[in-house]
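The analysis underlying the following values was restricted to heavy atoms, covering all of them including side chains, and did not include hydrogens, waters or symmetry mates. In what follows, chains carry the letters A, B, and so on, assigned in the order in which the sequence lines appear, proteins first and then strands, with residues in each chain numbered from 1. Bear in mind the structure is a predicted one, so any value in this text is a computation, not a measurement.
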Protein chains: 2
Amino acid sequence: MFRVALAPRDLQTFKADFFKALAHPVRIRVLEIVRGSERTVQELQEALGLDQSTVSQQLAVLRAKHVVRARKQGTTVRYTVVDPLVGELLDVARRLFNSQLTGTQTLLRELRRETRRQVRR
Amino acid sequence: MFRVALAPRDLQTFKADFFKALAHPVRIRVLEIVRGSERTVQELQEALGLDQSTVSQQLAVLRAKHVVRARKQGTTVRYTVVDPLVGELLDVARRLFNSQLTGTQTLLRELRRETRRQVRR
DNA sequence: TGTGTATATAGCGTTATTCAAATATAGTGT
DNA sequence: ACACTATATTTGAATAACGCTATATACACA
């Protein structure tokens, strides 16, 4: 028998795949909605103003990368974030963007609004 | 102060672009080296076992997304992470992977080794 | 000026992601 | 069985990211 030494490369690939899941505007918006509480696809559609197909497609990507989990209930499906650390990750990311965006006014305003919204909830 | 080269259409796009920068195994490895201390391209080449062109290329991506900053000094160029929060982000990500990988032995072992290495430093 | 060294960029074929439209599945009520 | 609703998957064309090789730039020093 022989040992298959898994290169550290594979670990980084795994990590990269995870970040790939976050590397899309719609998917980020989905996560920021879903991280608060479980949501149906319909709710997501409305919140995002996107059609059913698009939302389902992006949810499929998030599912494939194990960022999000689906719970079927009759004919509707509810989504949650698999790990609360995903939320924490998004928070750190927000802080990061906040410090990076200093100087670009419009985006900053957006960011602030988002932060307030989250605190209030 | 910091200036975004291409004004992104909206905030989520900006965020997505940032995560895109992390969505590549080599770039993650680069960041995990560079986050500790400033490194020359040469040092990175050696540490990664990759050729000059590849390393420079990935550094270019990280630069374009403002994750990393270059400091030229004579003929050599030293790279640093722009914001220490990037390091924090990687830490949260590591915790996340750690909890996700429970059950896949080999990758877990790799992950542990990495964590130890970092603590020790 | 010329040569060597460190780093960056261009060109290009291959693969992966995206977007939108169409179609498929699965559950519920009649 | 049929129709209706909620969600998922497939398809295909457009675009972006990759990996590799070759070439370019920029600096140092003789």
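As rounded to whole Å, 19 Å separates atom C1' of dT7(D) from atom CZ of Arg69(A). Rounded to whole Å, atom P of dT18(C) lies 7 Å from atom CD of Gln58(A). Counting to the nearest Å, the P atom of dA28(D) and the CD atom of Gln73(B) are 10 Å from each other. Put simply, CG on Asp17(B) is 14 Å from C1' on dT17(C), counting in whole angstrom units. Atom NZ in Lys72(B) sits about 7 Å away from atom P in dA26(D), given to the nearest Å. Going from atom CG of Leu44(A) over to atom P of dA8(D) covers 10 Å, rounded to whole Å. Whole-Å rounding puts the Asp51(A) CG to dT9(D) P distance at 16 Å. In this structure, NE2 of His24(A) is placed 10 Å from P of dA20(C), rounded to the nearest angstrom.
Val30(A) and Val82(A) are members of different hydrophobic clusters when ILVMFWY side chains are connected at heavy-atom separations under 4.5 Å. In the hydrophobic clustering of ILVMFWY residues, with side-chain heavy atoms under 4.5 Å counting as a link, Val61(B) and Leu22(B) come out apart.
Across all their heavy atoms, Leu85(B) and Ser99(A) have their closest contact at CD1-OG, 4.4 Å.
Nucleotides of DNA chain C nearest to Val26(A) and Gly74(A) differ in position, and the one nearer the 5' end is that of Val26(A).
Using modelled atom types, one side-chain atom of Arg27(B) and one backbone atom of Ala21(B) make a donor-acceptor pair closer than 3.5 Å.
The aromatic rings of Phe18(B) and Phe97(A) sit perpendicular to each other, their planes meeting at more than 60°, with 30° as the lower class boundary.
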Point to revise | Protein-to-nucleotide contact annotation, 5' to 3' order, nucleotides 7-16 of chain C [B base; S sugar-phosphate only; - none; under 4.0 Å, heavy atom] | key: BBBB------
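We find that Arg35(B) and Asp91(B) are joined by a salt bridge, their nearest charged nitrogen and carboxylate oxygen being less than 4.0 Å apart.
One finds a side-chain N or O of Arg27(A) lying less than 4.0 angstrom from the OP1 or OP2 phosphate oxygen of dT18(C).
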